[in-house]
Amino acid sequence: MKILVTGGLGFIGSHTVVELLNNNYEVIIVDNLYNSQIDVLDKIKQITGKDVKFYKEDVCDKQALEKIFKENEIDSVIHFAGYKAVGESCQKPLMYYRNNLMSTINLLEVMNENNVKSFIFSSSATIYGDPGTPKYVEKMGRGKTSNPYGTTKAMIEEILEDLYKSDNTWKISILRYFNPTGAHSSGLIGESPNGIPNNLMPYILKVASGELEVLNIFGNDYPTPDGTGIRDYIHVVDVAKGHVSALNKIVNSNSGVYVYNLGSGKGVSVLELVNTFERVNNVKVNYRIADRRPGDLAEYYADPTKALNELGWKAEKTVEDICRDSWNFMKNNKN
Ligand code: WQD
C-alpha cells in the first residue's frame with residue numbers, strides 16, 4: 001500500500017515514515033522544508049534501508065498536489081504538514097489560518113478528485129481547551145481553544161466531521177497528540193527546532209548542552225505536588241507507532257470518523273522531567289523559577305484507554321527513554 005505523508009521530513013512525520021517503512025508500507029513524502037531538513041531523507045534510508053519518493057512542494061499548492069496524485073497510486077494520506085508554534089500563532093493568526101486550513105482543504109479536495117478517501121489527521125490535545133479536569137477522554141469533545149494554532153486544529157476536526165456527513169465513504173482517523181518528545185534511538189532523527197525553542201524538552205537540551213544559559217520554569221505555584229506544570233510526555237516513536245496502528249485500523253474498517261488520544265496516560269511535572277533528565281544523562285540543567293506563561297494550564301494528561309481498546313496501541317517507552325534518546329540525538333547533532 002502507498003501512503004502519502006505530508007510534512008514527512010518533520011519531527012513526528014519522519015519518525016512515522018520510519019515506522020511505516022518498518023511495516024512494509026510504501027511511502028511518498030511531500031514537504032516544503034519550512035520546518036525540516038532535506039538530510040532527514042538520507043537518515044530515514046540509513047535507519048530503514050529503504051528509499052522514499054520525495055516531492056519538495058507546498059501542500060498549499062493545489063497543482064503540485066494534483067501532479068503527485070497523478071504520478072502515484074496513493075491509497076491513504078497521513079497529514080502532518082502545518083505550522084505548530086503556539087506563541088507564533090498568536091502573533092501571526094492569519095498566516096496560521098491560511099496555511100493550516102488551506103493546505104488541508106486543498107489536500108482533501110485533491111484526494112476526493114482522485115477517489116482517495118482514507119485520511120489520518122495530526123490533531124492536538126490543545127483542542128480540549130480547559131475542560132476543568134486533568135484527565136482528557138475523547139468523548140469530552142472540543143473545548144474553547146486558547147490560541148490560533150489550537151483553533152486551526154479544532155476547525156480541521158470540524159471540517160473532517162462535516163466532510164464525512166456529506167460523504168460517508170470517507171475513512172478518517174483524528175489523532176490528538178499530548179506532548180510528543182524524545183528521538184529515535186539511533187540518534188539520527190529527532191527534534192531540532194530552529195532558534196529559541198518554545199517547548200520544554202528542546203529548551204532543556206539547549207541548556208544542558210550549554211547553548212542556552214538557563215531554563216526558565218514557568219511557575220512553581222500551580223496546584224500540583226511540586227507546584228510546576230504537569231503534562232503527558234509521550235515518546236515520538238510511540239506516537240509514530242500510533243499512526244501505523246490507526247492506519248491498519250482504517251484500512252481494515254468500515255468508513256467513519258475515529259478519534260483517539262495519543263498519550264502515555266501519565267502526568268509528569270516540569271521539575272520531575274528536569275530531575276529525570278539530569279539523573280539519566282548525568283548532566284546538570286541550570287534553571288530558575290520564572291512567572292507563569294500566560295495561557296498555560298496547571299495539569300493535563302491523556303486517558304489512553306480508547307486507543308488501547310480499538311487500536312491495540314499504548315505507549316511503551318518511559319520518561320527515562322525520552323530523556324536518554326533526546327540527549328543522545330542532541331549529542332549526535334551538535335551542529
Ligand atoms: C510544557 C510544560 C510549561 C517551556 C504545547 C502545545 C501543544 C503541543 C505541545 C503541538 C508547561 C513548561 C515550557 C519552558 C517551562 N504542540 N515550560 N519552560 O505548552 O504543554 O503544549 O506543545 O501540538 O499543542 O500547546 O508544551 O513544552 O511548551 O510546555 O517551564 O521554557 O513545560 O509551562 O508546563 P505545552 P511546552
Side-chain angles (χ1 to χ4, degrees), residues 7 10-13 16 35 79-90 96 100 121-130 134 136 142-154 156-157 174-182 191 193 195-208 211-236 239 242-243 261-264 266-277 285-302 319 322-323 326:
F11 176 45
I12 303 173
T16 300
N35 190 26
H79 181 36
F80 292 102
Y83 297 152
K84 65 167 189 172
V86 169
E88 184 183 55
S89 79
C90 297
Y96 270 68
N100 290 4
F121 176 59
S122 161
S123 190
S124 167
T126 204
I127 58 88
Y128 287 107
D130 181 2
Y136 291 179
R142 290 179 290 275
K144 176 91 184 76
T145 46
S146 60
N147 58 77
Y149 157 77
T151 305
T152 66
K153 293 297 185 182
I156 293 165
E157 289 198 8
I174 293 171
L175 304 180
R176 293 171 176 169
Y177 310 154
F178 280 70
N179 288 56
T181 187
E191 193 171 15
I196 305 286
N198 300 302
N199 295 134
L200 180 59
M201 181 54 89
Y203 211 107
I204 288 173
L205 291 165
K206 293 204 171 196
V207 172
E211 197 176 325
L212 292 174
E213 190 199 336
V214 64
L215 167 71
N216 291 303
I217 294 184
F218 298 143
N220 69 344
D221 57 351
Y222 284 103
T224 60
D226 65 21
T228 62
I230 290 176
R231 295 292 185 274
D232 183 331
Y233 298 99
I234 178 162
H235 197 292
V236 63
V239 175
H243 286 74
N261 287 336
L262 290 192
S264 70
K266 185 173 180 299
V268 171
S269 77
V270 178
L271 272 176
E272 284 171 332
L273 192 66
V274 170
N275 295 335
T276 304
F277 186 90
V285 176
N286 292 324
Y287 68 80
R288 65 184 169 211
I289 303 300
D291 291 338
R292 291 183 178 190
R293 181 171 63 177
D296 272 356
L297 299 180
E299 176 180 13
Y300 63 85
Y301 50 89
V319 176
I322 287 172
C323 292
S326 298

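In each ligand, atom 1 is the first atom listed, and ligand 1 is the first ligand listed.
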* Residue pair Y222, T228: steps toward the side chain to side chain donor-acceptor pair (under 3.5 Å) verdict -> CA-CA 6 Å; Y222 284 103; T228 62; over 6 Å; no
* To do: Determine, step by step, whether L271 and I217 satisfy the side-chain contact (heavy atoms from CB on, under 4.5 Å) criterion, reporting the C-alpha distance in whole Å, the side-chain angles of both residues, the deciding distance to 0.1 Å, and the verdict.
  => CA-CA 8 Å; L271 272 176; I217 294 184; 3.8 Å; yes
* List the steps and the verdict of side-chain contact (heavy atoms from CB on, under 4.5 Å) for F178 and L262. => CA-CA 6 Å; F178 280 70; L262 290 192; 5.8 Å; no
* To do: Could you go through the side chain to side chain donor-acceptor pair (under 3.5 Å) check for E299 and T224 one step at a time?
  => CA-CA 8 Å; E299 176 180 13; T224 60; over 6 Å; no
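Taking a 6.0 Å sphere around OH of Y287, one finds it holds 12 or fewer heavy atoms contributed by other residues, nucleotides or ligands.
Here OG of S264 is found 7.0 Å from CD1 of I322. Values are rounded to the nearest 0.5 Å. The CD atom of E191 lies 8.0 Å from the CG atom of L205; values are rounded to the nearest 0.5 Å. The distance from atom CZ of R176 to atom CD1 of I127, rounded to the nearest 0.5 Å, is 3.5 Å.
The cationic atom of R142 (NZ for Lys, CZ for Arg) does not lie both less than 6.0 Å from the six-membered ring centre of Y128 and within 45° of the ring axis.
Regarding atom 8 (C) of ligand 1, its nearest protein heavy-atom neighbour is F178 O, 4.2 Å. Among protein heavy atoms, the minimum distance from atom 12 (C) of ligand 1 is reached at V270 CG2, 3.7 Å. Nearest protein heavy-atom contact of atom 26 (O) of ligand 1 is N179 ND2, 3.2 Å. Of all protein heavy atoms, the one closest to atom 6 (C) of ligand 1 is V86 CG2, 3.6 Å. If you check which protein heavy atom lies closest to atom 33 (O) of ligand 1, you get D296 OD2, 2.6 Å. For atom 20 (O) of ligand 1, the closest heavy atom belonging to the protein is R231 NE, 2.7 Å. Closest protein heavy atom to atom 5 (C) of ligand 1: N199 ND2, 3.7 Å. The closest protein non-hydrogen atom to atom 18 (N) of ligand 1 is N216 O, 2.8 Å.
Under 4.0 Å from ligand 1, not a single heavy atom of Y287 appears. Neither the backbone nor the side chain of I230 has any atom closer than 4.0 Å to an atom of ligand 1 (non-hydrogen atoms only). With a 4.0 Å cut-off on non-hydrogen atoms, R293 touches ligand 1 through its side chain and not its backbone.
Assignment of Y233 to the shell around ligand 1 is supported, since a heavy atom sits closer than 4.0 Å.
Where the criterion is an N or O separation shorter than 3.5 Å, residue side chain and backbone included, L200 meets it with respect to ligand 1. In terms of polar-atom proximity, defined here as any N/O pair under 3.5 Å, S124 does make such a contact with ligand 1.
Of the N and O atoms on the side chains of Y96 and E88, at least one donor lies less than 3.5 Å from an acceptor on the other residue.
Which of F218, F11, Y203 comes nearest to atom 4 (C) of ligand 1 through a heavy atom is settled by distance: it is F218. Considering each of Y222, Y177, Y149, the one bringing a non-hydrogen atom nearest atom 10 (C) of ligand 1 is Y149.
H243 and F121 have their aromatic ring centers separated by at least 6.0 angstrom.
Using cut-offs of 30° and 60° on the angle between ring planes, the pair Y300 and Y136 is parallel.
In summary, the atoms of ligand 1 found under 4.0 Å from a heavy atom of G229, numbered by their order in the structure, are 34 (O). Atoms of ligand 1 found under 4.0 Å from any heavy atom of I217, numbered from 1 in the order shown, are 30 (O). Near N198, the atoms of ligand 1 lying under 4.0 angstrom from a non-hydrogen atom of the residue are 4 (C), 28 (O).
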